[in-house]
Amino acid sequence: MIRRAAFALLLATAATAAFAQTNNSKPQPVPVIDTIPAAVDKPYPGTLTLDIDATDVARGIYTVHETIPVTGSGEMVLLYPKWIPGGHTPRNEVDKVVGLHISAGGKAIPWTRDTVDVYAFHINVPAGAKSVQVDFQFVTSTKGDQGRIMVTRNLMSLEPITTSFYPAGYFVRQIPVRMAVKYPEGWSAASALNAKIVGSTYTYEPTNYEILLDSPILAGRYYKKWALSDRVNLNVFADNPQELAAATPEMIDAHKRLVEQAVRTFGAQHYDHYEFLLSVSNELGGIGLEHHRSSEDGTRLGYFSEWSQNAGARNLLPHEFTHSWDGKFRRGADLWTPDYRYPMRDSLLWVYEGQTQFWGYVLQARANLVSKADTLDAYAAIMANLDYTTGRQWRPMVDTTNDPIISNRRPKGWTSYQRSEDYYNEGLLIWMEVDSILREQSKGTKSIDDFARAFFGINDGDWGEVTYTFDDVVATLDKIQPYDWRGLLTKRLTEVGQPAPLGGFERNGYKLVYTDQQTPTGKQAERARKVADLSYSLGVQVGSDASLGQVRWGSPAFDAGLTVGDTIVAVDGLAYSDDRIRAAVTDAKGTKAPIVLLVKAGEEVRTVSIDYHGGLRYPHLVKTGTGETGLDRLLTPR
């Protein structure tokens with residue numbers, strides 16, 4: 001043993017010596033020097049003008065001419081917006097900026113892209129120049145694999161954040177700007193910005209760069225506008241006029257109740273006017289993005305024409321409308337930034353998005369935009385998903401607030417174990433727990449409605465931003481009802497290895513159960529997503545092409561070796577169909593015989609046996625007591 005140890009030591013010493021004596025080159029890093037001026041809260045000396053030709057809908061190309069005033073010569077940095085408000089991540093599509101030419105007095109100015117921040121462009125302004133001209137095209141996606149489709153032959157989503165540059169060194173709220181857009185003949189456009197219309201050109205009211213970039217435009221050939229209140233409008237653009245004609249007075253009244261219930265809930269309005277910008281299209285890319293005085297809302301055809309079959313689609317508007325209060329007016333202090341280069345920090349998204357998710361479902365029920373029964377079914381689906389999220393064993397919820405930056409919403413193979421942006425729905429569960437404790441501790445005199453009015457209902461008419469910290473959230477709750485809110489919230493944000501926090505629903509009178517019957521809302525979701533959802537039995541979702549779009553980590557399917565992308569060819573010796581695999585799961589219940597699948601992965605075809613005998617399992621909420629519960633009261637109109 002001594003000889004072996006000595007020999008090992010000799011070898012280790014020789015290896016270390018050999019490593020130390022190598023003559024490999026050993027470079028040192030080039031220092032990273034930030035040459036871009038930091039934003040300062042002072043007025044920009046001049047008004048930017050932005051002219052956009054948006055008529056090339058056949059190819060989806062925006063042609064931009066921008067004039068940026070200057071007061072002297074020398075070095076200047078122009079920035080393309082990088083960090084996207086509402087997206088919580090640096091994902092603006094600078095790669096789609098092409099044909100960039102910068103000039104002054106008709107003479108070209110060379111530009112150099114910053115080698116560290118590729119969204120920054122350095123120029124030298126010549127002596128005597130009063131302004132620089134920036135000309136470029138923004139080429140929108142023409143196929144889904146390039147990004148969201150923003151232009152079709154009948155619709156367009158025009159976002160000033162993609163079609164403009166701004167000068168570095170200033171808070172964006174201090175940069176004045178005027179914009180004009182030429183649309184195709186016969187089109188209409190809607191935005192939170194008022195406009196003077198001459199022919200097909202809209203000249204928008206002067207504003208500042210922050211408000212401009214928070215004011216997207218939806219335009220199209222087929223358009224209808226409904227007033228929902230004296231300050232809120234529903235602007236709908238569709239692929240065809242038939243979808244618009246399908247909207248009944250009863251459907252529009254449901255949207256009016258949404259506005260009414262939101263204002264009653266929060267007790268203030270933080271906009272001079274608000275514009276829902278809703279696209280109903282199978283061609284334009286879907287979207288749900290909040291803005292202070294508007295929202296970009298995109299859903300597929302059927303929003304009106306298949307109203308009874310699309311309850312799930314109607315959660316979009318309540319969610320985005322809530323953001324006018326939660327996220328836009330009240331914003332996490334570390335998320336607010338002076339410009340679009342300053343990094344956003346997402347640590348408080350469990351309030352920004354989590355409580356917005358909470359209120360979106362509450363408001364849809366209070367307005368009867370979605371029935372209470374369908375809302376309860378939606379809650380059950382959310383609870384079950386987190387109940388089966390094995391990633392809770394290692395990743396705390398608060399870390400998922402980093403997900404927009406970490407993954408930038410790229411597809412994931414093992415979502416249940418990797419976790420995704422769970423701050424949305426787990427945030428909802430936490431705020432339901434807060435509501436239940438407020439009710440319990442106050443003996444029914446307080447609820448989360450009191451928090452909403454205290455936190456979001458301040459400064460009526462103010463559509464600036466009021467930032468907050470974790471301490472501010474705790475302090476507001478403490479004023480409403482003393483309790484260890486800091487301890488509760490800290491635990492929920494940081495704990496691992498614990499079940500999903502379903503206690504708020506249980507304390508509010510409902511519990512999660514599983515049966516062999518799918519809910520109506522679940523059936524609608526399966527139809528809309530074109531999947532057979534066996535998440536809580538086999539642990540898979542099967543797409544319309546029989547491929548596996550999801551395999552839950554640790555599920556029977558996972559244990560049998562299945563993975564995302566596998567295709568099921570046959571079930572128990574017969575060609576695959578959704579009904580056949582459901583029948584196989586049902587038939588295996590209480591038996592010892594496995595479910596046998598023929599599975600194709602690439603060129604390989606193999607037999608897979610799944611040892612599962614629990615039958616079909618679908619989530620439901622059931623009431624645990626009699627009379628009106630906390631959740632019943634929460635969903636009751638105000």
Side-chain angles (χ1 to χ4, degrees), residues 88 265-267 322-323 325-336 344-359 362 382-383 386 389 391-404 419 421-459 465-508 630-631 634:
H88 321 307
T265 295
F266 298 117
T322 297
H323 269 313
W325 290 268
D326 184 5
K328 302 308 291 186
F329 174 62
R330 295 306 308 266
R331 196 174 310 176
D334 60 354
L335 186 60
W336 184 89
M344 295 176 183
R345 287 156 290 176
D346 294 344
S347 69
L348 287 160
L349 286 182
W350 57 276
V351 183
Y352 181 125
E353 294 289 4
Q355 196 168 149
T356 294
Q357 190 80 332
F358 174 91
W359 285 116
V362 170
I382 288 169
M383 296 164 72
L386 288 163
T389 295
R392 296 181 52 78
Q393 299 299 313
W394 70 274
R395 189 177 185 189
M397 189 275 272
V398 72
D399 189 58
T400 72
T401 65
N402 296 307
D403 224 62
R419 304 198 74 173
E421 295 178 47
D422 288 351
Y423 54 85
Y424 278 87
N425 284 332
E426 193 162 329
L428 182 158
L429 299 186
I430 291 171
W431 289 108
M432 185 64 72
E433 186 172 18
V434 168
D435 177 67
S436 70
I437 293 172
L438 284 169
R439 294 177 190 276
E440 182 180 74
Q441 292 290 311
S442 69
K443 295 180 171 56
T445 64
K446 301 293 183 181
S447 73
I448 198 167
D449 282 79
D450 296 282
F451 178 88
R453 286 187 291 273
F455 203 72
F456 303 116
I458 61 174
N459 303 359
E465 300 91 32
V466 178
T467 61
Y468 61 86
T469 64
F470 179 86
D471 289 343
D472 295 324
V473 175
V474 170
T476 304
L477 287 168
D478 278 335
K479 287 179 181 178
I480 296 167
Q481 178 63 49
Y483 186 75
D484 183 16
W485 298 111
R486 182 180 301 278
L488 173 72
L489 295 175
T490 299
K491 181 180 180 181
R492 292 292 177 253
L493 292 172
T494 60
E495 65 187 355
V496 294
Q498 297 298 316
L502 308 183
F505 279 90
E506 294 168 359
R507 194 179 284 108
N508 266 345
L631 185 54
L634 181 66

Quiz item: So L489 and L477, side-chain contact (heavy atoms from CB on, under 4.5 Å) or not? Walk me through it.
Solution: CA-CA 11 Å; L489 295 175; L477 287 168; 4.1 Å; yes

Practice problem: Kindly determine whether Y424 and I382 satisfy side-chain contact (heavy atoms from CB on, under 4.5 Å), including the steps that lead there. | Solution: CA-CA 10 Å; Y424 278 87; I382 288 169; over 6 Å; no

Practice problem: Could you check W325 against F455 for side-chain contact (heavy atoms from CB on, under 4.5 Å), going step by step and ending with a plain yes or no? | Solution: CA-CA 9 Å; W325 290 268; F455 203 72; over 6 Å; no

Practice problem: Please lay out, stage by stage, how R486 and D471 fare under the test side-chain contact (heavy atoms from CB on, under 4.5 Å). | Solution: CA-CA 8 Å; R486 182 180 301 278; D471 289 343; 3.0 Å; yes

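Between M432 and M383, the closest side-chain pair of non-hydrogen atoms is not below 4.5 Å. Two residues are said to be in side-chain contact when any heavy atoms from C-beta on lie closer than 4.5 Å; M397 and I430 meet this criterion. Taking 4.5 Å as the limit, every side-chain heavy atom of D450 sits out of range of all side-chain heavy atoms of T445. When side chains are defined from C-beta on, K328 counts as touching Y352, because their heavy atoms get closer than 4.5 Å. Side-chain atoms of F505 and L429, non-hydrogen and from C-beta on, do get closer than 4.5 Å to each other. A 4.5 Å side-chain heavy-atom check between F470 and L493 finds at least one atom pair inside the cut-off. Within the 4.5 Å cutoff, the side chain of L438 has heavy atoms near those of the W485 side chain. Side-chain contact between F451 and V434 is absent, with no heavy atoms from C-beta onward closer than 4.5 Å.
Residues W431 and G354 approach most closely at CD1-C, 3.9 Å, considering heavy atoms. In terms of heavy-atom proximity, R419 sits nearest to P396 at NH1-C, 3.7 Å. Pairing each heavy atom of A454 with each of T476, the nearest pair is CB-CG2, 3.9 Å. A pairwise comparison of heavy atoms in V473 and W350 identifies CG1-CH2, 4.5 Å as the closest pair.
One N or O on the side chain of R392 and one on the backbone of P499 form a donor-acceptor pair closer than 3.5 Å. At distances below 3.5 Å, not a single donor-acceptor pair connects side-chain atoms of N425 with backbone N or O atoms of D422. D346 places no side-chain N or O within 3.5 Å of a backbone atom of L349 that could act as its donor or acceptor partner. Put simply, the side chain of D326 gets close to the backbone of T356: a donor and an acceptor are under 3.5 Å apart. Under a 3.5 Å cut-off, the side chain of R330 and the backbone N or O of V466 do form a donor-acceptor pair. Between the side chain of S447 and the backbone N or O of D449 there is at least one donor-acceptor pair closer than 3.5 Å.
Contact check on R395 versus D403 returns a salt bridge, with a Lys/Arg side-chain nitrogen under 4.0 Å from an Asp/Glu carboxylate oxygen.
Aromatic ring orientation, F456 versus F266: perpendicular (interplanar angle above 60°, classes split at 30° and 60°).
Using a 3.5 Å distance cut-off with no hydrogens or angles, the side chains of H88 and E421 do not pair a donor with an acceptor.
Shown are L631, I448, N508; of these, the side-chain contact (heavy atoms from CB on, under 4.5 Å) with R439 is made only by N508.
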